[in-house]
Structure formats: C-alpha cells, structure tokens
Amino acid sequence: MPLQTELTRRLGITVPVVQGGMQHVGTAELASAVSNAGGLGIITALIWPEPEGLRQEIRKCKKLTTRPFAVNITLLPALVPPDYEAYAQVAIDEGIKIVETAGNSPGPVISKLKKAGVIILHKCTTIRHAQSAVKLGVDFLSIDGFECAGHVGESDITNFILLSKARQTLNIPFIASGGFADGQGLAAALMLGACGVNMGTRFLCTVEAPIHNNIKEAIVKAQETDTALVLRRWRNTTRLFKNKVVRDALKVEKESKTGEFSEIAPYVSGKRGKEVFINGDPEYGVWTAGQVMGLINDIPTCKDLIVRIEKEAEETIKEKVKLFTAPSKL
C-alpha cells in the first residue's frame, strides 16, 4: 500500500523521498532516475556557472522523465555572488513547479518564485530560521539535522530533537533531512512528524550518481565516524569525508595564529573537490558526506533503492502497529 503524505499529494510523487541538491552531482541523469523511481529528483542550479546552463539541463531532464522534478538554488556567501534571481527566472521560464531553496537571505528569490506559483521547499538547520522562512511564504521546510553532509549550521542540533521541535512549533509541513538511508529511517521520520525525507549521501552512492565508482565504494566502506567538521572557526561549519586533506585543513584551522581564511583556502578548494568525483581518488580533495555513510552497504539503482525504502517503511510501520493489543479483561 503506497505511503501517502502531504509531500506526495502536493508534489505529485509516489514515495515521500526527496533527493538532496548536491553540488557537482545533481544533474539531469540523477534527478530523472530518482523521479522515475517515484521520488523527487533535484537538479542543482549552481553546478552551471551561467543560468543558460541550467536551462539546457532542465530541458535534458524533461527528455528523461515525465515525472515531477525540482531545481535547487542555494544562496551562499561569495565575493561575487551568482545572479540567483536569473537562475530562478530560468526555472520559472522552463515551467519548473518545485524549487528547493537554502542559504542566506533567500527572500527575494522566494518572492520571485512564489509570484510564479512555484512550490518552495526551504532547507534550514534551526527552528528560528525555519520560522523566518514560514514568514516568507515557503510551502515546505526541509529540517536539516547536525548529522547531515555539507553545511550543518552552528547550533549542533541532531534530528531527534530538531524534528520533534519542528512538530511542536511549526505550522507547515516539513521534511526530515540528514541521517536517512533506509525505510526504517523514513518510518521514524514520519513518526516524529515529518511528511518525508531528504537524502543526499545515500543517493550519492547509487548507480546513476555521476561520480567515479571508487567514491561510491569509499562510502560503502566508510563508518559513521569517518566525517569531520571543518571551518567552524569562520562560522561556516561543513561536514566532509575525513581524508588527509581534511586532516591537514583541521590542523591549519586549529594552529593558525592569524585566523586568516587564506591560510586554509587551498585545502578546502571546491575545484579539487570536484576533481575527486572525476578521478576517483577519495584523498585528492575535500568532498561532502554525512554520518549516514555508516548505514550504507551497497550501490543500488535509484529504482531499487526507493522500492526497498518504501517496502521497509511499510513493514516497519505495520510491525509497530502490532504493539497495540486489546486490553485484557480483568
């Protein structure tokens, strides 16, 4: 029996599972595979240096799936920030009905998208930020726990607390993000009040993910202890796969006398991180991964993964329902 939630009903998907918007990874190939399997695939806008690149990728994805898919627009600090509103306009022009937003000061982008009737999923790491997003008119919140890959925020709140707090305080539907890889996790998220889950690292380790197989194998071999938090000194805390480059970066971060970001910049180069996914050397540069690596044991297709998650969630929920027994007659 299909799991129907607010997420599946409003987005037109069949399984309440969303693919995380991942830099270098969220391409038409992966997004379409997730959407064809019943989840919500996401194209990451800023993979392309110019908005026209995003336009071509959206058109490519439309040829690969007739199912709903979304675009991720993440607003991050930069000396010369991208033209975020131009990326949003491309999504609108190409008929995208769902956009995932994240990052700093998303108000103008969200306003532009809402005026065009786009459904907004906004990702945040604290309830305070979630409440601010509600005021901006977002439709769903993606609550990102401390377990997640990439930018974890500065509050260090794990999902068990964060999701329960969201259930208590938020008046719009939310998705659980960070630490999810299987149907038992989906069932747990639903019990805590979420209407679905967002998975990044788990989809990174699938057949269709456009990265070198060596990196997928590294994820399978990794444990939940094989990540590290970098850039806390600059209040841009990021969870990365723990390799030699990350260990060297942490040494610089701890021992720097000046605190100048320029000292650590060469170690956290996004360009080298991109090369990791191409050359297959997990030690070559920094790359994001969540603690959920410890739960990942294989490299399935997106279809097989989502079918398995749906089945596991259904079986888990049915099994727990059996805990309720008729009261005994005294």
Side-chain angles (χ1 to χ4, degrees), residues 5-7 16-23 25-26 39-40 42 72 74 76 100-104 106 120-134 138 140-170 172-205 219 222-232 235-242 287-296 309 312-313 316:
T5 71
E6 186 74 3
L7 187 71
V17 171
V18 176
Q19 168 225 320
M22 296 174 280
Q23 187 67 0
V25 181
L40 181 72
I42 295 184
N72 165 280
T74 299
L76 295 173
E100 179 189 63
T101 57
N104 303 320
I120 306 293
L121 286 64
H122 184 71
K123 183 175 285 189
C124 41
T125 59
T126 68
I127 298 301
R128 178 171 61 87
H129 291 146
Q131 291 169 332
S132 296
V134 171
V138 304
F140 291 84
L141 291 159
S142 187
I143 304 297
D144 221 5
F146 185 55
E147 305 94 329
C148 72
H151 299 282
V152 301
E154 306 303 322
S155 300
D156 301 1
I157 305 171
T158 60
N159 254 328
F160 205 89
I161 300 301
L162 200 55
L163 296 176
S164 292
K165 188 71 173 181
R167 184 187 70 248
Q168 292 177 0
T169 59
L170 300 178
I172 70 170
F174 61 92
I175 307 162
S177 179
F180 297 97
D182 54 29
Q184 289 81 4
L186 172 57
L190 296 175
M191 294 304 102
L192 288 171
C195 59
V197 296
N198 179 302
M199 304 191 309
T201 306
R202 175 65 272 196
F203 280 119
L204 189 64
C205 196
I219 293 171
Q223 300 300 315
E224 62 275 15
T225 51
D226 290 330
T227 70
L229 298 172
V230 183
L231 303 181
R232 172 137 289 181
R235 295 191 62 78
N236 188 26
T237 307
T238 305
R239 187 179 298 282
L240 303 170
F241 181 81
K242 190 189 295 182
W287 51 285
T288 62
Q291 291 179 325
V292 76
M293 286 193 299
L295 305 180
I296 296 173
I309 286 174
E312 288 173 346
T316 299

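- Residues in residues 190-204 take part in these salt bridge (Lys or Arg N to Asp or Glu O under 4.0 Å) pairs, two or more places apart or across chains: Arg202-Asp298.
- Partners of Ala166 under the side-chain contact (heavy atoms from CB on, under 4.5 Å) rule, at least two apart in sequence or in another chain, are Ile127, Ile143, Leu170, Phe174.
- A donor-acceptor contact shorter than 3.5 Å is absent between the side chain of Thr74 and the backbone of Asn72.
- How far NZ of Lys165 is from CG of Leu162: 10.5 Å, rounded to the nearest 0.5 Å.
- The side chain to side chain donor-acceptor pair (under 3.5 Å) search around Asp226 returns none, not counting sequence neighbours.
- For the side-chain contact (heavy atoms from CB on, under 4.5 Å) test, no residue two or more places apart in sequence or in another chain qualifies with Ser132.
- Contact record, Ala289 with Ala149: C-CB, 3.3 Å, taken as the closest heavy-atom pair.
- Thr288 is listed as a side-chain neighbour of Leu240, based on a closest heavy-atom distance under 4.5 Å.
- Nearest heavy atoms, Phe203 versus Met22: CB-CE, 4.3 Å.
- Across all non-hydrogen atoms, the minimal contact from Gly26 to Gln19 is CA-NE2, 4.0 Å.
- Among residue pairs with one or both ends in residues 151-164, those qualifying as salt bridge (Lys or Arg N to Asp or Glu O under 4.0 Å) are Glu154-Arg232, Asp156-Arg232; sequence neighbours excluded.
- The side-chain contact (heavy atoms from CB on, under 4.5 Å) search around Ile172 returns Val134, Val138, Leu141, not counting sequence neighbours.
- With sequence neighbours excluded, no residue forms a salt bridge (Lys or Arg N to Asp or Glu O under 4.0 Å) with Glu147.
- At a threshold of 4.5 Å between non-hydrogen side-chain atoms, the residues Val292 and Met199 do not count as touching.
- Glu100 is listed as a side-chain neighbour of Asn198, based on a closest heavy-atom distance under 4.5 Å.
- Listed by chain and residue number, nothing satisfies the side chain to side chain donor-acceptor pair (under 3.5 Å) test with Asn159 (two or more places apart in sequence, or in another chain).
- Phe146 contributes atom CZ, which lies 4.5 Å from atom CG of Leu229 (distance to the nearest 0.5 angstrom).
- Of all non-hydrogen atoms in Cys195 and Pro16, the two that sit nearest each other are O-CB, 3.4 Å.
- Between Thr227 and Lys242, the closest side-chain pair of non-hydrogen atoms is not below 4.5 Å.
- Listed for the Arg239 side chain is no donor-acceptor partner under 3.5 Å among the backbone atoms of Gly290.
- Between Arg167 and Leu192 the shortest side-chain heavy-atom distance falls below 4.5 Å.
- Remark: Ser177 pairs with Asp144 by the side chain to side chain donor-acceptor pair (under 3.5 Å) rule, at least two apart or across chains.
- Qualifying side chain to side chain donor-acceptor pair (under 3.5 Å) partners for Ser142, counting only residues two or more places apart in sequence or in other chains: none.
- Closest approach of Cys205 and Ile296 over heavy atoms only: SG-CG2, 3.8 Å.
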Report, one line per pair, each donor and acceptor closer than 3.5 Å where one atom sits in a side chain of residues 179-190; sequence neighbours left out.
unit_1 : atom_1 : unit_2 : atom_2 : d
Asp182 : OD1    : Gln184 : N      : 3.4
Asp182 : OD1    : Gly185 : N      : 2.8

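- A distance of 13.0 Å separates CZ of Arg128 from OG1 of Thr169, quoted to the nearest 0.5 Å.
- Applying the ring-ring contact (aromatic ring centres under 6.0 Å, His included) test to Phe241 and every residue at least two apart in sequence or in another chain returns Trp287.
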